[in-house]
Amino acid sequence: MIVKTAEFVTSAVNPTQYPPPDYPEFAFAGRSNVGKSSLINKLVNRKRLVKTSNTPGRTQLINFFLINGNLSFVDLPGYGYARVPVAVKKQWGPMVETYLASRTTLMGVVVLVDIRRVPRQEELDLIQWLDDHQRPYRIVVTKADKLSHNKQSRPLRLIAEQFACAREELLLFSAKTGQGLEPLWRALNAMMKIPL
Ligand code: GDP
């Protein structure tokens, strides 16, 4: 996939603030620090379209980006960060759930999990919710480069077990090496009703 343009469109909390539903859209979800900004930047071949943050959990808005003038990417706020105040945590659920339930142009959700962490309840709840609401999704295992090839099998098996999916369904990704970039673009394409 050749990305010629990638631009920030707007931040939103409520549906009234979403951009018009003009383009097929993909949303990216994951715990803070999972490597979500790095993954989106890598996908669109930009250094800092999405700001990587050293203070996880600061971005509590839904951010919309327009890719090549005809594809929309949505950066959902990172969840499960302990230092986020309770009031913010309470807002996260409804804000994200409203988005996932109501966005008519949403083609799929990319759910990110760190290869070195066992998925927690938030991730499992999100996948359950997506299953229940028949929203297509793909699970991407990030920071693959942090483990050597032969150290990857055990965590991958555990992650697959937790999500009750086949190991082959997990997409391995590294923003550092670019591993998994093409397979992820192919997976996005496969979720589109009209392929790019
Ligand atoms: P976000 O909070 O989910 O948006 O995570 P970021 O993209 O800001 O990444 C969090 C930290 O992990 C940063 O220090 C990144 O440099 C690092 N990181 C992200 N992706 C990778 C990766 O694929 N490999 C390695 N080694 N580090 C990564």
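Whatever order the structure lists ligands and atoms in, that order sets their numbers, starting from 1.
Not a single heavy atom of Thr142 sits under 4.0 Å from any atom of ligand 1. Heavy atoms of Ser174 come nearer than 4.0 angstrom to ligand 1 in at least one pair.
By the 4.0 Å N-to-carboxylate-O rule, Asp75 lies close enough to Lys36 to be salt-bridged with it.
For the residue pair Tyr99 / Glu25, a side-chain donor-acceptor distance below 3.5 Å is found, with atom types taken as modelled.
Inclusion of Val34 in the set of residues having an N or O under 3.5 Å from an N or O of ligand 1 is warranted. Considering backbone and side-chain N/O atoms, Phe173 never comes within less than 3.5 Å of an N/O atom of ligand 1.
With rounding to the nearest 0.5 Å, the separation of CG in Leu39 from CG in Leu171 is 10.0 Å. Atom-to-atom distance recorded for Asn68:CG and Ile2:CD1 is 9.0 Å, nearest 0.5 angstrom.
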Derivation and outcome, side-chain contact (heavy atoms from CB on, under 4.5 Å), residues Lys42 and Phe173: CA-CA 10 Å; Lys42 192 77 190 171; Phe173 190 87; 4.0 Å; yes

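In this comparison of Ser38, Ala144, Gly178, Pro77, the heavy atom closest to atom 20 (N) of ligand 1 sits on Ser38.
Between Phe73 and Phe28, the ring planes are perpendicular. Angles over 60° get that label, and only those under 30° would be called parallel.
Annotation for ligand 1: atoms under 4.0 Å from non-hydrogen atoms of Ala175 are 20 (N), 22 (C), 23 (O). With ligand atoms numbered from 1 in the order given, ligand 1 contributes 1 (P), 4 (O), 7 (O), 8 (O) to contacts under 4.0 Å with heavy atoms of Ser37.
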